[in-house]
Structure formats: C-alpha cells, structure tokens
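Just so you know, ligand 1 is whichever comes first in the structure, and atom 1 is the first atom listed for that ligand. Just so you know, these numbers come straight off a predicted model, no measurement behind them.
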Amino acid sequence: MLERLSNKRVLLGVTGSIAAYKAGEVVRRLREYGAEVRVIMTHAATDFVTPMTFQALSGNPVHQHLLDTQAEAAMGHIELARWADAILVAPASADFLARLRLGRADDLLMAVCLASDIPLAVAPAMNHRMWTDQATEDNIRVLRSRGVLTFGPDSGDQACGDVGVGRMQDPQILVSNLAEVFESGALAGLHVLVTAGPTREAIDPVRFLSNHSSGKMGFAVAQAAVEAGARVTLVSGPVSLNTPDGVKRYDVESAQQMQDAVTSCMNDVDILIATAAVADYRPEQVEAQKIKKQQDELQVKLIKNPDILSTVKQRYPACFCVGFAAETENLEHHARTKLHDKGVDMIAANWVGDTVNGGFNSDENALRLVWHEGEQELPLMNKSKLARAFIGHIAQRFYVRHKSALTGDNILHFDKKENSES
Ligand code: CTP
C-alpha cells in the first residue's frame, strides 16, 4: 500500500511545535517510498529546526515566505499548490489549526492551503490541555467537516513533562495514513488495459516514422487505475519511463504490434483507455537494407494502420472504451466526431502543438472529457493529478453504463438521472 506514494508530490507544512524535529523523519520516509517532497516552514517552525535540515532531507529548497519575489518567481504559492498531489501539515500547531479554520492567507503555508483543492491532512501536536480545549475541539470539528483529514494525535509523554493526548503521530504511521489518501477503490475488481506512448513505423532497418508522445499521460493513467484498485495491463510504445508498481507491461514498437498485444489481452478487459499516439500510417514497404541517399527525391508510400481502438470496440462492445483526441483546432467538434466515428464511450480531448496547454512531453495537461450524454472540463494540472481525476470520471461513467445495461434502461433514461445528479 505504501507503493501508492511512488511518484506522488507531497507538500509538507511544518509549523511551530517541538515536534518539528520529527518532521525530518517524515520527509525521509516519504522519499523512501518514492514521493517527491517540498517543505514549507512557518516562521515559528524555524525557531525549532533550521530550513537547511529540510533542504538536505528533501533535496529541494525550503519555501518560507509569501512575499519573497525571488521565490515567487521560481515557484510561487499558486504553482506550489498546483504542483502538489497532497498537503500534509506535520506538526500542526494549535495556532495553525485556528488560522486554517479562519481561512487566513497571511503566510505562505496558509495561502497554499487556501489556494489548493487537493487532499489536505494535518497531524496535530500540542500540549494535551491545548488539544482538549473547547476552541481547538471546535476548530478540528469544522476542519473535518470541510474534508480536512486529521492524523493523530497520539497519547503519551509530552515535551513539557505532562502525559496525555497531543503527541504528533509516529512518522511511519503518518506516512501510511497519507498513502491511503491515494487509494480510491473506484475500479476495484476491474481489469483496465491502457495503451501508451508513440509507435514507430519502420522505413528501413535504421529509420522510422514516429511522433512526440512521451507516454507520461498513459503511465500516469495506469498508475491512477492501480490506485483505484484495478488490475492494470499497460501496452506501451517506445518510451523512457519506469513501469508503475503493480502494472503488467508489454513493450511494442509498431501499431501492428500494439494491436496484436492489445488483442491478446482483451478476453477479460472491462475498460480500455487508449492514450497511445498510434501512427495512422506506415510505409507500405520496409526496405531490407538501409536506404542510400542516391536520389534527389525519395517517395515513401504510406498505407493506413489498423485503428486499434475502434477495432476493439467493434469486437468487444461490452468493453468500456476511452479514446484520446490530440487536436490543434476545433477541439470539441473533433472530439465529438471521434466519439461517434469510433463508436467509443468517452473521448478525452487535449490541445497539442503549443506549450501553454501542456500535452505531448509536458508534465502538465488539461483534458475535455466528452461522452454521449455530457462533457466535463479538467483544467491544466500535473499529469498524475489529472490522471486521478480522469479515472474518477471513467469509473463514474462505467458504472452508469453498467447499471443501465443491467436494468435495460435506455440512454434517455440515464440522461435524466444525470441531470438530476448534477
Ligand atoms: N488510435 C488507435 N489506433 C490507431 C490510431 C489511433 O487506437 N491506429 C487511438 C488512439 O490511441 C487515440 C485515438 O485513437 O485514443 C485517436 O484517434 P485518431 O482519430 O486516430 O486521432 P488522430 O490520430 O489524432 O486522428 P486525426 O489525425 O485524424 O486527427
């Protein structure tokens, strides 16, 4: 379960409490399990531990000030909020909890908490009388009602010599609790097949046609599907990415090989997510020897590749099929056309060809999800966060369709249900 932390971006907030020294251990454990960590310290926290400690342990500069023009230029509070997959505040002092409840934004940590919509967990640490004071109890109750997770506190000897509830939760348990945040269970028991990366279409033994796809989106989708409890198979074109834990991966080169690999897995696949940028055409003839540059002009005749996605949908209509549409213009129109032409259940459309909207090779992306009865915009964010949101929507649509198939409902019927849900 701790493998859920692999490749996660965790923002660790450290506030003014004697337990701040234990936050170093939290950073170490998070990194051990593969998470990337950035630390924000409040002014009070620096009275207990130096930023240098966290810089050394996290391998990243420590963020401290809201109005530091240099730091803001490098990674400002909004970028920090967008960068992270989860925020953990450990230790969270009584003062921090009170200010969080008020929604203040007068230091960097408060501003980041306010600016983010990702899971926020706090690990309170304070004297046991402060913890049981009515004011703190009220603050915790309100924060929990807003979805803030509280880890601990534990009971035991306190730094002030008292004994009671108020010790920061043990770092190892904190880290395990945080790992659980990334487990949704939305696809538990299902087999998800993801295609990813580019394909390479050989021209001769040393040359090929391909595209700029990095595979990052597909790999992030595979990881998010594992986190959602699915059994995941990944069929990938040539990329330089590590296989996410728990994913069964097959490597292929050409579109034809990708189709063969996908077909061989299709027996019990419930959901196909085709993120691969499959070459639409391949050279009709692959030269046996390297082509020499003897002529001034060279013509390579291209023929169409099989469309893996629509072939699968035709052969396995019960499989919930999601395609991608990478577009440089008329995003919505092309997405709807592909939805109908390929007969699939959902299209995830994204802009390509500029750097503003993420896309190929970028760490960020934005998607417009289009299905027969609706659509949903997923704004620009890092690809792992986007993949989790994307998987959440796929799970929702999968179950709506599944339910309607079981009860014999028609599309009009669940159109209405959908309106009443939203
Ligand atoms: N796809 C596929 N097999 C192909 C081509 C595409 O499975 N031979 C899948 C991709 O993985 C993606 C979707 O189909 O999910 C993309 O659809 P497509 O119409 O091929 O998009 P483009 O290649 O962008 O098409 P066009 O160039 O016409 O816009």
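Under a 3.5 Å cut-off, the side chain of Arg167 and the backbone N or O of Met126 do not form any donor-acceptor pair. Listed for the Gln169 side chain is no donor-acceptor partner under 3.5 Å among the backbone atoms of Ala90.
Atoms of ligand 1 found under 4.0 Å from any heavy atom of Gly323 (numbered from 1 in listed order, with element): 15 (O).
Scanning the protein for heavy atoms near atom 3 (N) of ligand 1, the closest one is Ile308 N, 3.0 Å. In terms of protein heavy-atom proximity, atom 23 (O) of ligand 1 is closest to Asp280 OD2, 3.0 Å. Scanning the protein for heavy atoms near atom 16 (C) of ligand 1, the closest one is Phe324 O, 2.9 Å. Taking atom 8 (N) of ligand 1 as the reference point, the nearest protein heavy-atom neighbour is Pro306 O, 2.8 Å. For atom 11 (O) of ligand 1, the nearest non-hydrogen atom of the protein is Ala276 O, 2.6 Å.
Contacts between Lys342 and ligand 1, counted as non-hydrogen atom pairs separated by less than 4.0 Å, involve the side chain only. Neither the backbone nor the side chain of Asp341 has a heavy atom within less than 4.0 Å of ligand 1.
Under the 4.0 angstrom criterion, atom 19 (O) of ligand 1 counts as having a protein heavy-atom contact.
Each of Leu149, Leu100, Leu88 was evaluated against Leu120; a single residue qualifies, Leu100, per the side chain to side chain contact (heavy atoms under 4.5 Å, CB included) test.
Under a 4.0 Å N-O distance rule, the pair Asp341/Lys338 does not qualify as a salt bridge. Salt-bridge formation is not detected for the pair Lys22/Asp170: no Lys NZ or Arg NE/NH1/NH2 atom is positioned less than 4.0 Å from an Asp or Glu carboxylate oxygen. Ion pairing between Arg397 and Glu373 holds under the 4.0 Å rule for side-chain N and carboxylate O.
Residue contact check for ligand 1: Ala325 places no non-hydrogen atom closer than 4.0 Å to it. Within the 4.0 Å heavy-atom shell around ligand 1 one does not find Ala277. No heavy atom of Gln259 sits closer than 4.0 Å to any atom of ligand 1.
Counting only non-hydrogen atoms, the option in Leu309, Asn305, Val312 that gets closest to atom 9 (C) of ligand 1 is Leu309.
Annotation: Val278 places no N or O atom under 3.5 Å from an N or O atom of ligand 1; distance criterion only. The shortest N/O to N/O separation between Lys338 and ligand 1 falls below 3.5 Å.
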Can you list, pair by pair, the side-chain donor-acceptor contacts under 3.5 Å of residues 27-42, counting residues two or more places apart and other chains?
from	atom 1	to	atom 2	distance (Å)
Arg28	NE	Glu25	OE1	3.3
Arg28	NH2	Glu25	OE2	3.3
Arg29	NE	Glu25	OE2	2.9
Arg29	NH1	Gln172	OE1	2.6
Arg29	NH2	Glu25	OE2	2.7
Arg31	NH1	Leu57	O	2.8
Arg31	NH1	Ser58	O	3.2
Tyr33	OH	Gln172	NE2	3.2
Arg38	NH1	His63	NE2	3.2
Thr42	OG1	Ala45	N	3.3

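Within 6.0 Å of CZ on Arg146 lie more than 12 heavy atoms contributed by other residues, nucleotides or ligands. For Asn330, the CG atom counts as densely surrounded, since its 6.0 Å shell holds more than 12 non-hydrogen atoms of other residues, nucleotides or ligands.
The side chain to side chain donor-acceptor pair (under 3.5 Å) pairs that include a residue from residues 279-288 are Arg282-Asn305, where partners are two or more places apart or lie in different chains.
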